[in-house]
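What you see is a predicted model, and the numbers here were worked out from it, not measured in a lab. Numbers restart at 1 for each chain; the letters A, B, ... are given by sequence-line order, proteins then strands. The analysis underlying the following values was restricted to heavy atoms, covering all of them including side chains, and did not include hydrogens, waters or symmetry mates.
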Amino acid sequence: MFEREQQAAETRIRAYLAGEGLPDLDGIQWNPIPFNGEWGISTSFFQLAAQEARQTPDLSGKRTPVPQRAQEIAEGAAKTLTALPGFGRIEAIRGYLNLYFSPLVYAHQVISTVLEGGSSYGCGASKHQRVMVEYSQPNTHKAFHVGHLRNMILGSAICNILECAGYEVIRSTYPGDIGLHVIKWLWNYMNFHAGETPPPDDITRWMGDLYAEADRRLSQNPDLESEVRNLFARWDRRDPEVVELWVKSRQWSLDGFEQMYRQLGVRFDRVYFESEVEDHGKTLVDDLIGRGIAVDERPEGPVIVRLDDLLGLEKEKYRVLVVLRSDGTSLYATKDLYLAILKNQDYALDRSIYVIDVRQAFYMQQIFKTLEIMGYPWAKDCYHLAYEIVNLPGNVVISSRDGTVVLLEDLIREATRRAMQIVEEKNPELTNAQKEEVSHAVALGALRYTMLARDNTKTVTFDWESALDFNGQAAPYVQYAHVRACSILRRLEAEGEQLELSENLSPEGFSLHPTEIQLVDLISRLPGEIQRAAAEFKPLHLTNLAYELARAFTDFYNACPVLKAEPEVRTFRTRLVAATRYALANSLKVLGIHAPEYM
RNA sequence: GCCCCCGUAGCUCAAUGGAUAGAGCAGUAGCCUUCUAAGCUAUUGGUUGUGGGUUCGAAUCCCGCCGGGGGCGCCA
C-alpha cells in the first residue's frame with residue numbers, strides 16, 4: 001500500500017550497497033516485521049553476505065561469518081537512511097534492517113484507502129483475463145450429500161476470489177443427467193411411482209430415495225435387469241414417452257439442486273449437461289481415429305489414445321486413455337474432451353479451471369495432454385484444481401450404497417436448528433425474522449468456514465460435533481467481531497453524532513495503542529492476501545486473515561473504548577472501526593459467508 | 001511394480017526458505033453496573049515421523065526409509 005515510500009527506501013539502500021562495492025541485488029525482498037506492537041517492513045542481508053563470501057575467496061581464513069557480516073551491512077545501511085520520509089525508527093538487528101512506519105501517518109493512509117474503497121476494498125483492478133471455473137458435477141436423479149459440499153464451497157469461493165482479484169469469471173456446472181443411474185430411476189418411477197410429484201421443499205431427498213429404491217429392487221431381483229436394459233434401448237431410440245419423463249424428472253432434480261445452491265450462496269452462469277456433449281464427443285473420437293491420434297481396437301477392444309507412445313516417452317507417464325467403449329458407448333473422456341473444446345468456443349477463455357477431487361488427478365492430466373496433442377494451444381491453460389475428499393471418522397468413505405451418507409439438506413437443517421437454539425439463548429430480544437436470518441448466516445457460515453480453513457490437499461473428516469461447533473476459530477467468531485463493529489457505529493449514530501469519517505488532521509495529538517497498530521496492519525494486508533489466494537487457489541489464506549482480523553479487532557475492542565474516548569481519539573477510532581467493518585465484511589464476502597449486523 | 005498426496009502440541013489445524021514454530025479445541029484457575037460474555041485473561045503442552053543432503057539459514061527444497069491415504073486400458 002505504500003509502494004512510494006518503500007521505493008524510496010529501496011533506492012537509498014541500493015545506492016549505499018553500490019557505494020560500498022557490494023554486489024547489487026535484483027530487488028529487495030520486503031517482509032512485515034513479525035513482532036506485534038510496532039508496524040513496519042524489514043529486509044535481510046544474509047543473501048548478500050553469502051554472495052560476497054562466494055565471490056571473494058577467503059585467503060586469510062579469518063573472514064567474518066555470514067550472519068555477522070549481514071549485520072554489519074544492515075548497520076551501514078541503517079546509518080545512511082536518515083530522514084527517510086514516512087518512516088520513524090530504523091534499526092539493524094541480527095542481520096535484518098527494520099524500518100518502522102510513522103504509525104499515525106500510515107494508519108490514516110490505510111484507513112482512508114479502505115473508506116474510499118468501501119465494499120470493494122481489497123479487490124484488484126481488472127486483469128482483462130477471462131477464466132472459467134467448472135465446479136459442482138452432481139448426478140441428477142440422485143441424492144446430494146456432504147461429499148459434494150467441499151466441491152461447491154471451494155468452487156464458489158475460488159470464483160469469488162478470482163473475481164475480486166480482477167479476473168472475469170464464468171461459473172459453470174456439469175450435471176450428470178444421463179447414464180445408467182438415470183435409467184434405473186426412470187424404470188422405478190414408471191413402474192412404482194407413476195404420476196407422483198416430489199414434495200416442493202424436499203425434492204432432492206425424494207429423488208435420492210427413489211434412486212435408492214430402484215437400486216434395492218434391482219439388486220434383490222436380478223431378473224428385472226432386462227427391463228432396465230429394455231428401457232435403456234428405448235432411451236437410445238429417443239422414445240418420446242421416455243424423453244418426456246426424463247426432461248421432467250431432470251428438472252425436478254435441478255430445482256432441488258437450485259434450492260441448496262441458493263442456501264449455500266452458489267450460482268452458475270452456464271450449465272453444461274452431459275447429455276449435451278455426448279454425441280459431439282463421439283464425433284470427436286471418430287476424428288481422432290482419422291488423424292491417427294486414437295487407435296480403434298473395436299470390436300475386440302476400446303478406442304484408446306496411447307499417450308506415452310505419441311509423446312515418444314520411454315518411461316510410462318501418461319499411459320493409455322480410453323476414449324470410447326468397445327461397444328461404441330461413451331465414457332467420461334469422450335465427453336470431457338469435447339466439453340473442453342466447447343468451453344473455449346463459447347467463451348474464448350484465458351484459463352479453464354476444473355474443481356474436481358484429487359482422485360481424478362491422473363485422468364485430468366491425460367485429458368489435458370490429449371488436448372495438447374490435438375493441437376489446442378490453450379490446453380496448457382487448463383488447470384485441475386484438486387482437493388482431498390471428505391471422509392467420515394475412521395477413514396470411512398462416504399457412499400450412498402453403504403448407507404453412510406449424510407444428506408446435505410439434513411446437515412443444513414441441523415446446523416440451522418442448532419444455531420437457532422444459540423440465538424434464542426444469547427439474544428432473545430431479536431424478532432423472529434431476525435433470529436432466522438442470524439441462525440442461517442451462522443450455520444451456513446460455519447459450514448463454509450470449516451471447509452475453507454483447510455488446505456486443499458488435506459482430507460476433511462466430517463463429524464457432526466465439529467461441523468456444528470460454533471466456538472473458537474470459526475465463522476461465528478469473525479461474524480461476531482463484525483457485529484460488534486456495527487454495534488459501535490450504530491450507537492454513534494443513535495447519539496445523533498455525525499459519523500465523522502473524513503480525514504482526521506491532527507496526527508501529533510496522540511499515540512496509537514499497540515492493538516490499533518496491529519489492527520491497521522492486518523487491514524492493510526487484505527488486497528495482497530486476495531491476490532495470493534487467487535494465484536494459489538487457496539481460500540485458506542483468507543480464512544486465516546479473516547480470523548486474525550477478528551481477533552485483532554476483539555483485542556482492540558477490549559483495550560480501546562471508542563464512545564468514551566477523547567474527541568480526537570474518538571474520531572480516529574470511529575474511522576478505524578468503520579474500516580475494520582469493511583475489511584471483515586469484504587473478506588467474509590469473498591469466502592461466501594454472510595456478515596450479519598447483529599447476532 | 002510405477003505415480004501422487006499427507007505426517008507439526010493429547011485432538012483438529014496454521015506458518016513467502018528468514019528472527020522466539022502459532023491458533024483453536026480439550027484441561028485447570030479467574031473475569032459480566034462497561035461499545036453484545038458467540039467474548040476476555042492466566043496456565044499447561046514441541047527432537048515439526050525418521051536418517052542424510054543443499055543453504056548464511058529448512059517444518060518448508062532434494063534423496064532414502066517408516067507410517068497413513070489415493071491413483072494406474074473399456075467406473076465416474
Side-chain angles (χ1 to χ4, degrees), chain A residues 29 31 33-35 42-51 53-54 65-70 93-96 98 137 139 176 179-181 274 297-298 301-306 315-317 319-327 329 331-333 356-363 365-366 386 388-389 391 395 397 419 422-423 425-427 438 442 450 453-461 463 465-466 469-474 476-477 479-481 483-492 532 536 540 543-544 547-548 551 554-555 557-565 573 577 598-599:
Chain A
Q29 281 292 317
N31 298 302
I33 300 170
F35 299 116
S42 78
T43 189
S44 70
F45 295 99
F46 298 111
Q47 219 175 349
L48 190 63
Q51 200 177 324
R54 274 194 300 273
V66 166
Q68 207 173 318
R69 177 67 184 135
I93 181 167
R94 279 189 281 190
Y96 289 84
N98 293 336
Q137 302 90 348
N139 282 328
L180 187 58
H181 71 278
E274 222 178 300
E297 297 184 335
R298 286 176 294 179
V303 182
I304 59 173
V305 178
R306 297 186 199 277
K315 265 180 67 179
E316 61 174 19
K317 180 161 186 195
R319 304 190 180 209
V320 171
L321 177 66
V322 179
V323 291
L324 198 68
R325 284 199 188 90
S326 49
D327 64 2
T329 56
L331 291 158
Y332 245 44
I356 302 176
D357 80 58
V358 69
R359 291 173 299 188
Q360 312 235 13
F362 178 62
Y363 166 76
Q365 294 319 303
Q366 290 184 313
E388 263 292 354
I389 58 169
N391 276 343
N395 238 331
V397 177
I422 298 172
V423 179
E425 178 192 324
K426 303 273 183 193
N427 214 343
V438 170
V442 165
T450 310
R454 183 147 323 188
D455 207 19
N456 300 336
T457 56
K458 301 265 177 82
T459 310
V460 169
T461 302
D463 68 279
E465 200 184 330
S466 51
D469 187 1
F470 299 149
N471 292 315
Q473 188 167 359
Y477 182 85
Q479 291 171 318
Y480 188 60
V483 164
R484 283 174 150 179
C486 289
S487 180
I488 292 175
L489 297 174
R490 210 164 36 234
R491 276 178 175 264
L492 283 163
R532 190 152 78 103
E536 299 174 16
L540 170 66
T543 55
N544 283 347
Y547 177 73
E548 282 179 43
R551 202 167 38 147
T554 303
D555 288 345
Y557 182 94
N558 289 321
C560 303
V562 178
L563 301 180
K564 290 180 183 159
R573 288 182 179 166
V577 172
Y598 42 80
M599 62 189 272

Taking [M] as the reference, what is the distance to [N] when you measure between their [atom1] atoms (whole Å, please)?
N	M	atom1	result
rG64(B)	rC6(B)	P	16 Å
rU41(B)	rU60(B)	P	32 Å
rC32(B)	rU44(B)	P	24 Å
rA14(B)	rU50(B)	C1'	23 Å
rG68(B)	rG49(B)	C1'	11 Å

Nearest whole Å is fine: how far is [N] [atom2] from [X] [atom1]?
X	N	atom1	atom2	result
N558(A)	rA42(B)	CG	P	12 Å
Q365(A)	rC4(B)	CD	P	12 Å
Q51(A)	rG57(B)	CD	C1'	16 Å
Q47(A)	rG17(B)	CD	P	13 Å

Stepwise side-chain hydrogen bond (donor to acceptor under 3.5 Å, both in side chains) test for S466(A) and D463(A) = CA-CA 6 Å; S466(A) 51; D463(A) 68 279; 2.6 Å; yes
Open item on the list: Closer than 4.0 angstrom, basic N to acidic O: yes or no for R325(A) and D327(A)?
Closed with: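 Here R325(A) does not pair with D327(A) in a salt bridge, since their nearest N and O are not under 4.0 Å apart.
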Discussion item. Any carboxylate oxygen within less than 4.0 angstrom of a Lys/Arg side-chain nitrogen, looking at E316(A) and R319(A)?
Written reply: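 A salt bridge is present here (some side-chain N lies under 4.0 Å from a carboxylate O).
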Which nucleotide in the list [options] gets nearest to the side chain of [X]?
X	options	result
N544(A)	rA14(B), rG18(B), rC40(B)	rA14(B)
I422(A)	rA37(B), rA38(B), rC56(B)	rA38(B)
F46(A)	rC56(B), rG24(B), rC40(B)	rC56(B)
M599(A)	rA19(B), rA38(B), rC56(B)	rA38(B)
L540(A)	rA19(B), rA14(B), rG39(B)	rA14(B)
K458(A)	rA19(B), rA14(B), rC5(B)	rA14(B)
I488(A)	rC35(B), rC6(B), rC56(B)	rC35(B)
N98(A)	rC35(B), rA19(B), rA38(B)	rA19(B)
P476(A)	rA38(B), rG18(B), rG39(B)	rA38(B)

Reckon C486(A) touches a base, only the sugar-phosphate, or nothing at all at heavy-atom distances under 4.0 Å?
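The answer is nothing, as C486(A) stays clear of every strand by at least 4.0 Å.
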Please classify the nucleic acid contact of Y477(A) as base, sugar-phosphate, or nothing, using heavy-atom distances under 4.0 Å.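 Sugar-phosphate contact only.
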Original post:
Taking the inter-plane angle between the rings of Y96(A) and F46(A) on a 0 to 90° scale, is it parallel (under 30°), tilted (30 to 60°) or perpendicular (over 60°)?
Top reply: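 Ring orientation of Y96(A) relative to F46(A): perpendicular.
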In terms of base orientation, is rC11(B) syn or anti, with the syn window spanning 90° either side of 0?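 Anti.
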Checklist entry - In terms of base orientation, is rG7(B) syn or anti, with the syn window spanning 90° either side of 0? => result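 Anti, since the glycosidic angle lies more than 90° from 0.
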- Task: Kindly say whether, by distance alone, the side chain of S42(A) makes a donor-acceptor pair under 3.5 Å with the base of rA19(B)?
- Result: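 It does, because a donor-acceptor pair links the side chain of S42(A) to the base of rA19(B) below 3.5 Å.
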Run the side chain to side chain contact (heavy atoms under 4.5 Å, CB included) test on Q137(A) and I356(A) for me, step by step, so that the C-alpha distance in whole Å, both residues' side-chain angles and the decisive distance to 0.1 Å come before the verdict. CA-CA 8 Å; Q137(A) 302 90 348; I356(A) 302 176; 3.5 Å; yes
Symbol by symbol from the 5' end, with Watson-Crick or G-U pairs under 3.5 Å, [ ] crossing and | another strand, RNA chain B is (((((((..((((....[...)))).(((((.......))))).....(((((..]....))))))))))))....
- Item | Worked verdict on V320(A) versus Q366(A) for side chain to side chain contact (heavy atoms under 4.5 Å, CB included) | CA-CA 8 Å; V320(A) 171; Q366(A) 290 184 313; 5.7 Å; no
Along RNA chain B (nearest heavy atom to each residue), the more 5'-positioned of I93(A) and R490(A) |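 Between the two, 5'-proximity favours I93(A).
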Query - Along RNA chain B (nearest heavy atom to each residue), the more 5'-positioned of V460(A) and V423(A) - result: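 So the residue in question is V460(A).
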For the residue pair L331(A) and L324(A), what are the closest heavy atoms and their distance?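 Minimum heavy-atom contact is CD1-N, 3.8 Å.
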Q) Please walk me through it: do Y477(A) and Q473(A) pass side chain to side chain contact (heavy atoms under 4.5 Å, CB included)? A) CA-CA 7 Å; Y477(A) 182 85; Q473(A) 188 167 359; over 6 Å; no
B/S/- along nucleotides 69-76 of chain B (protein heavy atoms under 4.0 Å) is SSSBBBSB
Quick one: pull up CD1 in I422(A) and CE in M599(A) and give me the separation to the nearest 0.5 Å.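 Answer rounded to 0.5 Å: 9.0 Å.
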Beyond-backbone contact of L489(A) with V577(A), side-chain heavy atoms, under 4.5 angstrom: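 Touching, per the 4.5 Å side-chain cut-off.
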D469(A) side-chain N/O to E465(A) backbone N/O, donor-acceptor pair under 3.5 Å
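Judged by distance alone, no pair lies under 3.5 Å.
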Under-4.0 Å side-chain N/O to phosphate OP1/OP2 contact, [X] with [N]:
X	N	answer
R551(A)	rG39(B)	no
R454(A)	rC13(B)	yes
Y557(A)	rA38(B)	no

